[in-house]
Asks: 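Attaching a single structure in structure tokens format; questions to follow.
Keep in mind it's a predicted model, so treat the numbers as computed, not measured. Labels below follow one simple rule: chain letters A, B, ... track the order of the sequence lines, proteins then strands, and each chain is numbered from 1. Values reported hereafter were calculated over all heavy atoms of this structure, with side chains retained and with hydrogens, waters and symmetry mates removed.
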Protein chains: 2
Amino acid sequence: MISFTEENYLKAIYHLIEQEGEAVTTNAIAEKINTKAASVTDMLKKLSDKKLINYQKYQGVTLTPKGEKTALNIIRKQRLWEMFLVEKLDFKWDEVHDAAEQLEHIKSDKLIEQLDKFLNYPKVDPHGDPIPDAKGRLQIQKSHLLSKFKKNDVCIMTGVVDHSPAFLQYLDKSGITLGNEIKIKEIIEFDRSLQIITGRQKTIFISNDVAKNILVIAK
Amino acid sequence: MISFTEENYLKAIYHLIEQEGEAVTTNAIAEKINTKAASVTDMLKKLSDKKLINYQKYQGVTLTPKGEKTALNIIRKQRLWEMFLVEKLDFKWDEVHDAAEQLEHIKSDKLIEQLDKFLNYPKVDPHGDPIPDAKGRLQIQKSHLLSKFKKNDVCIMTGVVDHSPAFLQYLDKSGITLGNEIKIKEIIEFDRSLQIITGRQKTIFISNDVAKNILVIAK
DNA sequence: ATATTATTTTAGACTAGTCTAAAAGTTATT
DNA sequence: AATAACTTTTAGACTAGTCTAAAATAATAT
Ligand SMILES: [Mn+2]
Ligand SMILES: [Mn+2]
Ligand SMILES: [Mn+2]
Ligand SMILES: [Mn+2]
């Protein structure tokens, strides 16, 4: 049996590996999960004993196949619950985090299977992140940062990098919405800020910092 | 903050008081919650410190107003989640227990408020048990045991005493369903077993043991 | 190549929740 | 009223998860 806490560690490790592309450090996990490095070391030993991670002192951590499968199952549950909250209970995309963080730990195969069906087998969650299937298979999206595009490019918004409520609320306020078309009208050389035209035909200005947190695919 | 475990104790104490009508014993709690008496004593001290129960050594336990309110809130969540599982995810009434037992501990006021709305403010759960409102108010049903009725009485099924899957499945198989009419055709003196006519006009025989676990209101 | 700095691990302690075994208290029986 | 039987509490130990402070290791800079 895998505990609530172990699940949170596995998910954190998964995301850090995804982000960094290599073995993750004790400190990185501690920061992500809001604990101290000493606590992380203890947990790494435990996860290693359970064959969920590959761990050697001072060498950082990767997930075993079993660990990755477990992590993906938690992520599947988290994203399905987020979808439920937004689609059925009228949560905004910036409001789902805390509840989903708890709901992802509910243990019931039937529940998650039926939830998936009830939501009509969604492929992505409210933030555009892909939802792993029951076997932990993930459909990789080949989206890019909006900041990488050029003047007059037209693209479709598919996701966000930063998931913080502050950023999501800023996008709402600016009318930048998942699935919408974005056309780059102008790029200011000086600071690489952008002038874009959103779905609702409004021209808005966004900083390069913002553009680096918006995922799109070329149209 | 009230922990997962404390919540389970409060709910158990609430149900035992409801059942027995008086202060509940350490052993009764231990049995209900599947722990040892020594563990219960430890927890009783903790709950007493938090002013959730009235507890004096060897004297049994009652809930304070704060404790009762907390218990009713957990019961509200449990029953709303049961309703969700049955109404939206096609769970049978005998399948909801394990998942609801976990879901009742999810902490999010908005979630439960919206869930209530999504389910259209149900008054009773899939077992006919009343759902407390957001303020912990409970609508008391004045239903009676089917075993208390007489020959030729007609009544409506409103609930069950025993909630075990085995009993619920037996009722399903016998076509005894919440909301259905039940007419008492005959009572066998010898063992107080009943011959009844259910909604679907079928005559069936049930033991007194079964009749004592079916709640009805006179029609 | 050595010294300094940063990271990681160990040691030891704490809390929540659980257990077994023994002691204390209550209730029932003679 | 004394004894027996049962219930409840205490004492002490264990696990999971966390922490601080110190020790060990690795990385960086001189
Ligand atoms: Mn979580
Ligand atoms: Mn998401
Ligand atoms: Mn529970
Ligand atoms: Mn119920």
Side-chain angles (χ1 to χ4, degrees), chain A residues 1-13 16-17 19-63 67 70-71 74 101-102 104-107, chain B residues 1-13 16-17 19-63 67 70-71 74 101-102 104-107:
Chain A
M1 192 75 307
I2 296 177
S3 74
F4 185 105
T5 310
E6 289 168 334
E7 288 186 348
N8 281 336
Y9 273 92
L10 288 175
K11 195 177 70 159
I13 294 167
L16 288 168
I17 290 175
Q19 209 174 93
E20 309 299 335
E22 54 187 51
V24 305
T25 66
T26 302
N27 267 353
I29 297 168
E31 192 182 355
K32 180 126 197 161
I33 245 170
N34 249 297
T35 56
K36 296 296 150 79
S39 310
V40 173
T41 301
D42 284 348
M43 181 56 86
L44 294 182
K45 284 180 200 155
K46 215 175 303 174
L47 293 173
S48 184
D49 288 348
K50 292 195 180 183
K51 315 275 183 222
L52 293 160
I53 60 170
N54 305 115
Y55 169 60
Q56 311 212 89
K57 276 195 206 178
Y58 299 103
Q59 294 324 125
V61 163
T62 57
L63 292 169
T70 307
I74 302 155
E101 194 65 40
Q102 300 172 62
E104 70 191 357
H105 304 291
I106 302 291
K107 280 161 188 68
Chain B
M1 192 78 305
I2 296 177
S3 75
F4 185 104
T5 309
E6 290 168 333
E7 288 187 346
N8 281 336
Y9 273 91
L10 288 175
K11 195 177 69 158
I13 293 167
L16 288 168
I17 290 176
Q19 209 173 93
E20 308 299 336
E22 53 188 53
V24 304
T25 67
T26 301
N27 267 353
I29 298 167
E31 191 182 355
K32 180 123 196 165
I33 245 171
N34 249 299
T35 57
K36 294 299 151 76
S39 310
V40 174
T41 301
D42 284 348
M43 181 55 87
L44 294 183
K45 284 180 199 153
K46 216 176 301 174
L47 293 174
S48 183
D49 288 348
K50 292 194 179 184
K51 314 278 183 217
L52 293 162
I53 60 171
N54 305 115
Y55 170 60
Q56 310 215 88
K57 276 196 203 175
Y58 300 102
Q59 294 323 125
V61 164
T62 56
L63 292 169
T70 307
I74 302 155
E101 195 65 39
Q102 300 172 63
E104 70 190 358
H105 304 290
I106 303 292
K107 279 160 190 68

Asks: Quick one, which residues of residues 19-34 of chain B touch DNA chain D with a heavy atom under 4.0 Å?
Replies: B:Thr25, B:Thr26, B:Asn27
Asks: A quick test of your reading: do over 12 heavy atoms of other residues, nucleotides or ligands sit less than 6.0 Å from NZ of B:Lys51?
Replies: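 No, NZ of B:Lys51 has 12 or fewer neighbouring heavy atoms, counting only those of other groups under 6.0 Å.
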Asks: What integer distance in Å separates A:Leu44:CG from C:dT9:P?
Replies: 7 Å
Asks: If each of B:Ala38 and A:Phe4 is mapped to the nucleotide of DNA chain D with the nearest heavy atom, which maps nearer the 5' terminus, i.e. the 5' end?
Replies: B:Ala38
Asks: Side chain of B:Tyr9, heavy atoms from C-beta onward: which of D:dT9, D:dT18, C:dT18 has the nearest atom to it?
Replies: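 Within the option list, the nearest is C:dT18.
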Asks: Set out, in order, the CA-CA distance, both residues' side-chain angles and the distance that settles side chain to side chain contact (heavy atoms under 4.5 Å, CB included) for B:Asn54 and B:Leu63, then state yes or no.
Replies: CA-CA 6 Å; B:Asn54 305 115; B:Leu63 292 169; 6.0 Å; no
Asks: Kindly say if A:Thr41 contacts the phosphate of C:dT8, meaning a side-chain N or O under 4.0 Å from OP1 or OP2.
Replies: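 Looking at the OP1 and OP2 atoms of C:dT8, neither is under 4.0 Å from any side-chain N or O of A:Thr41.
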Asks: Measure CD/A:Gln59 against P/C:dT8 and give the value in whole Å, please.
Replies: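 Interatomic distance, CD of A:Gln59 to P of C:dT8: 11 Å.
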Asks: Rounded to the nearest angstrom, tell me the gap between atom NZ in B:Lys36 and atom C1' in D:dT10.
Replies: 17 Å
Asks: Name the closest nucleotide to the B:Tyr55 side chain, picking from D:dT9, C:dT8, C:dG17.
Replies: D:dT9
Asks: State whether the number of non-hydrogen atoms from other residues, nucleotides or ligands found under 6.0 Å of B:Glu31 atom CD is greater than 12.
Replies: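 For B:Glu31, atom CD is not crowded (no more than 12 foreign heavy atoms under 6.0 Å).
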Asks: Using atom NZ of A:Lys45 as one end and atom P of D:dA16 as the other, report the distance to the nearest whole Å.
Replies: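 Distance, rounded to whole Å: 14 Å.
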Asks: Report the distance from atom CE of B:Met43 to atom P of C:dA16, rounded to the nearest whole Å.
Replies: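 Rounded to the whole Å, the gap is 10 Å.
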Asks: Could you please spell out the steps behind the side chain to side chain contact (heavy atoms under 4.5 Å, CB included) verdict for B:Glu101 and B:Asn8?
Replies: CA-CA 9 Å; B:Glu101 195 65 39; B:Asn8 281 336; 3.5 Å; yes
Asks: Using the side chain to side chain contact (heavy atoms under 4.5 Å, CB included) criterion, which residues pair with B:Ala12? Sequence neighbours excluded.
Replies: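 Residues passing side chain to side chain contact (heavy atoms under 4.5 Å, CB included) with B:Ala12: B:Lys32, B:Ile33.
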Asks: Among all residues two or more places apart in sequence or in another chain, which pass the salt bridge (charged side-chain N to carboxylate O under 4.0 Å, His left out) test with B:Lys50?
Replies: B:Glu6
Asks: Determine, for A:Lys107 against A:Glu7, whether the closest basic-nitrogen to carboxylate-oxygen distance falls under 4.0 angstrom.
Replies: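 So A:Lys107 pairs with A:Glu7 through a salt bridge.
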Asks: How many whole angstroms separate atom CG of A:Asp42 from atom C1' of C:dA11?
Replies: 10 Å
Asks: Rounded to whole angstrom units, what separation is found between the NZ atom of A:Lys57 and the P atom of C:dA11?
Replies: 9 Å
Asks: If you compare every side-chain N and O of B:Lys46 against the phosphate oxygens of C:dA16 (OP1, OP2), does one of them come in below 4.0 Å?
Replies: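 For C:dA16, neither OP1 nor OP2 has a side-chain N or O of B:Lys46 closer than 4.0 Å.
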Asks: Starting at atom CG of B:Leu47, determine the distance to atom P of C:dG17, rounded to an integer number of angstrom.
Replies: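 It is 9 Å, rounded to the nearest whole Å.
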Asks: It should be established whether A:Thr5 places a side-chain nitrogen or oxygen under 4.0 Å from OP1 or OP2 of nucleotide D:dA16.
Replies: no
